[in-house]
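Bear in mind the structure is a predicted one, so any value in this text is a computation, not a measurement. Below, chains carry the letters A, B, ... as their sequence lines are ordered, and counting in each starts from 1.
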Amino acid sequence: MKVTVDKDVCVGAGMCVLNAPEVFDQDDDGTVVLLDASPGDEEDTDVREAAHTCPSGAITVTEGP
Amino acid sequence: MTHDDNLLTFPGTRTCPLDPPPELTQLRADSSIQRVQIWDGSTPWLATRYDDVRAVLSDAMLSADPDMPGYPHHSAGSAARKREHTKMFVSLDDPKHRVLRRMVTHDFTVKNVEAMRPRIQQMADQLIDDMLDGPRPADLVEAFSLALPSLVICAMMGVPYEDRAVFHDTSRAMTSRTATQDEAVATLRQMREYFLKLIDRKATDPGEDMVSRLVERELQSGAVDLEDLVAILELVLVGGHDTTNNMIALGTAVLLEHPDVMERLRHTTDLDLVANTVEELLRYLSIFHMGRGRAVLEDTAVNGHELQADDGIIAALDLANRDPAAFPDPDSFDIDRANARRHVAFGFGVHQCLGQTLARVELQVALQTLARRIPTLALAVSFEDLPFKHESSVYGLHELPVTW
């Protein structure tokens, strides 16, 4: 899977870090930082939960190698 | 305005203290977004289903600004306060909302909140020591559930804990469904005066705290003006303790009704289980039981439902969190629920609770520490006789008499 984040719409709720801390972090002001744009299959569920629960729609997941 | 007999009254009356009113549960089953009638006779839309509630709260055409025509207020006090007072960013739309919110997100990142966990644990242990040294029965609200988040937010902000009466009063007036215009305005004036003095003190004698940082980094640089800063501080202080208080108190009462769950919490070393218990309590209890109000700025459609400019709409968080389409067997309390974290108890969209990470850690620490430290903890009155906050916009308990 491919992951992209939109820092401009991020509101710093932190749901991504709670769900998938291997893939997402927050900078000092709470804005999303993408640690891994092509996470492995073992992260699949956590990343999808992060995208589902992100309140501002800042995370996009697309299929692909 | 007279009552329209064809419309249900929102928020309605609970028949079971932990479940939404049955007629609203029925409304969710019957149809998607419908009109209801509220206290002032107005007839906003009500979204009750999980997908609709998320869509409403994500829609940029729907304003959180209570000055917009159609906005559904929850009381006369709320209506008055929002007219006379500088708005907190929870009541502002982007872009201004975003600018102000970002000034305080630093304090609530997952990393910074986790760093506070040992201190929160110490505070919880100290409060329990004090309660156990005192008389039985005790009021757990006074001794613990209100005290813990108040201590935490005071420490974080740099507000002296001795001054807590000021913000405890304001919280009561802000969440009361029966607050009059005068009460709401008077308590907010008192709080504003308090913060003006505190800001002065922090400007001359700064500490390692949120207020000092905001004064230095945002106020003195001109990024925020004084009135907006006061409104930010009010929001963080009030939002930072009363909701958590209600969740700890109500959560404890629920756990005491589920001894098997209490037993698991007492013995587990699995923080994920503690965390999921908290998520399930957030979903199950959904203490913002009057939902979140929005005003429609321009004609728009939410999940195919047409809304017109100047309509009001309420997103019912508690009903969404009991939607069987999102949560199987939604009325059962199940700490092993796989998708509990998908709840909308903290709202959704750009206004989703800023302090949710702190609330989670406080709840995890508070509930597991109670379970561990007081194995004989029990209600001192029957569950049905607990004083539930039916009249408040944030559900909870006025008192929680316990013994051990």
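By the 4.5 Å heavy-atom criterion applied to side chains, A/Thr53 and B/Arg342 are counted as neighbours.
Contacts between residues 357-366 of chain B and chain A, defined by a heavy-atom separation under 4.5 Å, are made by B/Thr357, B/Arg360. Along residues 15-24 of chain A, the residues that come nearer than 4.5 angstrom to chain B, judged on non-hydrogen atoms, are A/Met15, A/Val17, A/Leu18, A/Asn19 in order of number.
Screening B/Arg101, B/Arg217, B/Arg98, B/Arg102 against A/Asp29 for a salt bridge (charged side-chain N to carboxylate O under 4.0 Å, His left out) leaves a single residue, B/Arg217.
Of the listed residues B/Asp94, B/Leu57, B/Val110, the one with more heavy-atom pairs under 4.5 angstrom with chain A than any other is B/Val110. Between chain B and the options A/Ala13, A/Ala58, A/Gly12, A/Gly57, heavy-atom pairs under 4.5 Å are most frequent for A/Ala13. Among B/Gln356, B/Met103, B/Arg341, the residue making the largest number of heavy-atom pairs under 4.5 Å with chain A is B/Arg341.
Heavy-atom contacts from other residues, nucleotides or ligands closer than 6.0 Å to CD of B/Glu208 number 12 or fewer. The 12-atom threshold is exceeded at CD of B/Gln220, counting heavy atoms of other residues, nucleotides or ligands nearer than 6.0 Å. Counting non-hydrogen atoms of other residues, nucleotides and ligands closer than 6.0 Å to CG of A/Asp41 gives a total of 12 or fewer. Atom CZ of B/Arg117 sits in a crowded spot, with more than 12 heavy atoms from other residues, nucleotides or ligands closer than 6.0 Å.
Taking each heavy atom of B/Ser58 and A/Pro55 in turn, the nearest pair found is OG-O, 4.5 Å. Heavy atoms only, all atoms of each residue included: A/Gly30 and B/Thr109 are closest at CA-CG2, 3.4 Å. When all heavy atoms are compared, the tightest approach of B/Tyr50 to A/His52 is OH-NE2, 3.0 Å.
Taking CZ of B/Phe348 as the start and OG of A/Ser56 as the end, the distance is 8.0 Å to the nearest 0.5 Å.
In this structure B/Phe108 satisfies the ring-ring contact (aromatic ring centres under 6.0 Å, His included) test with no other residue, sequence neighbours excluded. Take B/Phe346 and apply the ring-ring contact (aromatic ring centres under 6.0 Å, His included) test, not counting sequence neighbours, and it matches B/His343.
The closest donor-acceptor contact from the side chain of A/Gln26 to the backbone of B/Lys111 lies at 3.5 Å or more, if one exists at all.
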